[in-house]
Structure formats: C-alpha cells, structure tokens
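Below is one structure, written out as structure tokens; comments come after it.
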Amino acid sequence: MHPTSSTFPLNAAVERELSPRAVSTGIVLGILLTPSNVYAGLKIGWSFNMSIIALLVGYGIWQGLASRSVGRLPWTLHESNINQTVASAAASIISGGLVAPIPAYTLLTGQQLDAIPMVAWVFSVSFLGIWIAWYLRPSLLNDKALKFPEGMATLETLLHIYNHGHEAATRLKVLLSAALLSGLVKAVDTFMWTISRWSPSAQLERLTFTADPSLLLVGFGGIIGIRVGLTLLLGALLAWGGLAPWLLAQGLVRLPHGGSGPQFAALVEWLLWPGVSLMVCSTLASLAIRLWALHRSTKAGGGAIWTIPKPGPAVGFVLSIILVVSLQVLLFGINPWMALLTIPLAICLAAVAARVVGATGIPPIGAIGQLSQLSFGIVAPGQVPINLMSANTAGGSAGQCTDLMNDFKVGRAIGATPRKQLIAQTLGIFVGSIVGVLAYLALIPDPQTMLLTEEWPAPAVATWKAVAQTLTLGLDSLSASIRWAIFIGGLVGLLLGILDSLLPAHRARYLPSTAALGLAFVLPASVSLMMALGAVLTWLVSCRWPSLTERFAITAAAGLIAGESITGVGASLWQMLGNG
C-alpha cells in the first residue's frame, strides 16, 4: 500500500506527541538496539535501520495494553513517530565513528580514548549533524526531486500498522520468534559448546572457507538481496579462493605457526588493499555522477540547489560547533584553526549526503568519510589525528544528518512537529552515545589484538586505516605487489562505479555490487558465504511465495540480526565481569 492512498487522516490534529511514554519507549528500545549495530558494524561493516523494529515493538506493547485496559489512552501515530525517532537515532550512533575512525585511530597511534571522552566525542559529532539537518530541512523537504525512499518506507510501515493492527501483531510475533531463535543459537555457541565450523579440507579452512553458524549473517543476507549476495560469493571466490592461494604460492604472504587453521589475519593484510581501493574509487565515482545529475536536474527545474534557511535556534548550532572543535583540540591535540576548518567541510559534505539519500535512499557515508580523509590529507599531510578524527567530524555529522532528514520526511507527511522531532533525535544520540561506547568497549577491550581478525574483521576500520596509512606514509611505503593491486582495484572500482550510475536500472542490476565486491576482500570467506546463503534462500522463497516474503522477510531478518547481536554483547559483558 502506498502512503498517499492510506485511509489515515494525515492532516489530523497532533496529539500526545512528545509524551513521556513515547520518549521512554524510544530510549529503552534504543538501549536494546544500539549494541546490535555496534556488533554488526564490527562484524561485517554494515548496520541496520532500526525504525521499523521500534515501530512494531512500540505499537505492539502500547496498543496491546490499550485494548486490554478500559480507559487507557491509545498509542497515537505521532507517539509512534517519536518512539522510532529516538530509537533509530540511538542505533545510528555508530556513524559517529565507533566502528571506523575511532578504532582506526587506536590501531595507528596506540592511543585508546577512555569511556567518558569517547562518549563526549561521539555525541558532539552526531549533535553537529542534527543541527545541520535542522537548517537544511526547509530547502531539502521542499525539493520535489528528493523523495527520501528510506523515510517513505518507514512512513508506509507506520501507516500500514495503524490501518491493519492484526498484521502488526503478526509481524511482531515473527520478529520476536526470529530473535529468540538467533539468540539461542548464539548462546549455545558461546556458553555451552562451540558449534563446529565445518570445512571440507584443511586447505580451504586455512583460506577461511568454513561454515559459520551465524543466523545474523543469514539475516543480513535476507536484507541485502540476491545481487549483493551473489556479488559477495563472487568476491569471496576471487579473493580467498583465487588470489589468496596465489599469494601463498608466490611467497608474497607468509603464514605464521606453520599455516595451520584459518589464516585470515596474515592474508587480509594484503587483500584489504585492492578491496579498499575498489570500494573507495567506485563510491567516489558514483557519488560524483549522482551529484552532477542532481545539479543538472535542479538547474533545469529553475531552482537553486541550496536555499538560505530562516533564522532558527542558533544557540544549539553554535554550541555544537564549540563542542566538536574544542574536543578535537583537547582529545587529539589538533590545531584550533585546523579544527575550525572541519565545520564548513562537515556542513558541505553532510548536505551532499542528505541530497544523495533524498534522491537514491543510499547513504554515502563511506564515500563521505574517505572524501573528507582525502581533503585533510591534502591540507595537513602526514598527520594521522587530523586525517582520522577531523574527517570523522564530517562523516559522523553526515550520518546523523541523513537519519534526521528521513525522520523529518516522515514527520512532515503525518503533520508532526519538527522541533519535537529535533528534541527526540537529541535524546536518542545522547542515549546512543553512552550505550554504543559501553558496547564497543565491552566487545573490543583490546583493539590492537582483537580487530582485523577472523572474529572481528571490522571492514570499515580496515578502510579508514588503509586510507590514513596511504595518505600519511605514501604509496612508496607499500610493496610493489600491493601498489599494483591498489591500481587494478581502483581501476575496476572506477569502471563499475561509472557503469552503475550511467546505465539504466534494468541493466545496472546485472552488474556486481561494487561495495559488496570490495567488502568480500576484507571479510573472511565464511562470512560472505553465509550472507550469500541468506540472500539466495530469501530469493528462492520469494519466487515461490512472493506475498509472504514481502510481508515477513525484512521482519524475520531484523529479528535474526537483533537476537544474535544482543546475545553476543551480553555474552561479552558476562565474560568481562567473570574475568574481572
């Protein structure tokens, strides 16, 4: 059902919007869901939009109570919107750097931020993004060319559950059942006995071709679709089945300890370079072409790309700037003028990201991060803190800006109050900063030894680290074989990025996904195989039962992701307390 055809009165009076129960429900769900994205980001480099989970759970709890209790107020549409705004803002806190530049900074400098400074940094970066979104809101929402597909998907779900309450209850049961199953499998694997990771031979096991008993990976496979899933499979076969044995045969990679068991850490030190090069070049090429197309369409329509916003509560914006600049100086020793330079860059790149999301629904946060790294690599060459943490300001603010723009799109359609959504988003990032940092420290107490391993591949960390190393030390610091791999990977990425942006959609879908192809070089083959399995299974079910898949596939996948990740974080906390 399309939102415009809904029978719900979109222009109805706003009532019970920023209520205590809406805010508290969003906070509780944010506390539960934020660790899921931290866990998934460190495992596979991707995160999940938690808006739909928050909508289903909030509606199921409060509407269920209202139907069983005489006189209890119903859970309103606008309360649902505030609930999902708080929860999704908390869960998207990983864009503030927790699974990319912050760990990369530790790996390159050996310096680990304490919990409170890390919370302050993540919050400040996200807080800046919220105010950028507030001032961009008038021009972006009034641009008819920007549809904000992700926001419209949330709106459609929101309207659907209010028009079909029984359907919402059924989806909630599917979500909770999938989460319980996934959590049980993870608990058994962690606490009772390790589920065997089967491999047909010792040689394939050494190359990380094992069966990983992770339902989280199957769930992500169900979300990413058949094209991305098959590309991951292709990338795993190319990188770990083709290049890795060749590297060993040529002596370009030497395995420690006699080479027994999976040798991910040794091989990924070489393989990540072509993979990162492919991802960065393809995303930057695609971003440039999309922006040029947006510029031409806006120019043809006679409108300006940006409009001057009306004066608003500038105190919050100024406070966010003071906070993020002062923390760069205090925590990382960055020159104050260089720290100030991050603000105009953050505003420009967040605006770019918001326009791309509005047009395509795809947040180019990775591309924005690498673009900001390249910018600071030119302005301040050879300085790791500036390259990573100043660039983190642009990438993190862009992430929260796009999240709030999607919320604003939903709110505008149902007549919500933008100022109350801004407050809800601020509460969400405050909670998310605390919970996200605690989850990260519980999962990765020792980044130097735990990250970029088979258990924690952390592909986003590998990308930021590789770009920073290259810009700091130069390509001459790398071996000749790696330099050739970077050149070839970049060339392939450039070509695929251009073709993906210029070809018609019905032809571009037959191209491999550049993000997935590059990611397969950084992930263990076992991870790519399980995600490909999830994609293929979902596709096969959709061929046989299309309506069933449309109704429940995303919900079941979300449950599998949430169940394993929440259990995994809980297991890490339990083991930490036990060791303490």
Side-chain angles (χ1 to χ4, degrees), residues 49 51 81 85 88-89 92-93 95-96 124-152 154-155 287 290-295 297-299 301-321 323-324 341-365 367-369 371-372 375 392-413 416-426 428-429:
N49 187 325
S51 295
N81 183 49
T85 298
S88 67
S92 65
I93 202 68
S95 65
S124 69
V125 167
S126 303
F127 192 50
L128 176 63
I130 285 178
W131 286 106
I132 294 173
W134 174 262
Y135 281 103
L136 288 175
R137 178 178 56 88
S139 59
L140 295 185
L141 293 186
N142 288 329
D143 190 335
K144 295 181 180 179
L146 303 180
K147 305 298 183 184
F148 288 95
E150 191 173 273
M152 294 304 288
T154 301
L155 174 63
L287 178 64
R290 287 194 175 102
L291 286 176
W292 177 250
L294 281 172
H295 171 71
S297 64
T298 305
K299 193 173 181 180
I305 294 181
W306 313 118
T307 60
I308 300 174
K310 296 178 180 179
V315 174
F317 192 27
V318 172
L319 179 62
S320 70
I321 292 173
L323 193 59
V324 81
L341 185 62
T342 64
I343 303 304
L345 182 65
I347 293 171
C348 292
L349 293 182
V352 165
R355 289 193 69 84
V356 173
V357 165
T360 67
I362 303 169
I365 306 306
I368 292 297
L371 189 58
S372 56
S375 302
N392 182 190
T393 303
S397 59
Q400 281 299 336
C401 177
T402 56
D403 183 69
L404 184 50
M405 285 309 305
N406 280 308
D407 291 337
F408 279 147
K409 185 70 174 179
V410 176
R412 186 176 191 180
T417 310
R419 179 176 53 83
K420 293 180 179 178
Q421 286 189 281
L422 184 81
I423 294 170
Q425 187 91 3
T426 304
I429 65 166

Show the nearest heavy-atom pair for residues [X] and [Y], with the distance to one decimal.
X: Asn81; Y: Gly411; answer: ND2-CA, 4.0 Å
X: Gly396; Y: Val125; answer: CA-CG1, 3.4 Å
X: Ser372; Y: Ala394; answer: CB-CB, 3.8 Å
X: Ser397; Y: Ala346; answer: OG-CB, 3.6 Å

Measuring from atom [atom1] of [X] to atom [atom2] of [Y], what distance do you get when rounded to the nearest 0.5 angstrom?
X: Leu422; Y: Ile130; atom1: CG; atom2: CD1; value: 6.5 Å
X: Lys409; Y: Met152; atom1: NZ; atom2: CE; value: 6.0 Å
X: Leu349; Y: Ser375; atom1: CG; atom2: OG; value: 6.5 Å
X: Leu404; Y: Ser126; atom1: CG; atom2: OG; value: 11.5 Å
X: Thr402; Y: Leu136; atom1: OG1; atom2: CG; value: 11.5 Å
X: Met405; Y: Leu140; atom1: CE; atom2: CG; value: 4.5 Å

| Contacts of Leu319 that satisfy side chain to side chain contact (heavy atoms under 4.5 Å, CB included) - sequence neighbours left out | Phe127
| Residues two or more places apart in sequence or in another chain: which of them pass side chain to side chain contact (heavy atoms under 4.5 Å, CB included) with Ile347? | Ile132, Phe317, Ile343
| task | Give a yes-or-no answer on whether the side chains of Asn142 and Arg412 include a donor-acceptor pair shorter than 3.5 Å. | result | yes
| said: Filter on side-chain hydrogen bond (donor to acceptor under 3.5 Å, both in side chains), then keep only pairs touching residues 342-351, sequence neighbours left out; what's left? | reply: Gln328-Thr342
Qualifying residues under side-chain hydrogen bond (donor to acceptor under 3.5 Å, both in side chains), relative to [X], sequence neighbours excluded:
X: Thr393; value: none
X: Gln425; value: Gln400, Asp403
X: Ser320; value: none

| Would Val318 and Val315 satisfy side-chain contact (heavy atoms from CB on, under 4.5 Å), going step by step from the backbone distance to the final call? | CA-CA 5 Å; Val318 172; Val315 174; 5.9 Å; no
| field | Passing candidate, side-chain contact (heavy atoms from CB on, under 4.5 Å) with Ser51, options Thr85, Val410, Thr154 | value | Thr154
| Any side-chain heavy atom of Phe408 sitting closer than 4.5 Å to one from Trp134? |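 The answer is yes; the side chains approach within 4.5 Å.
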| request: Please check if the side chain of Gln421 supplies one atom and the backbone of Ala416 the other of a donor-acceptor pair under 3.5 Å. | output: no
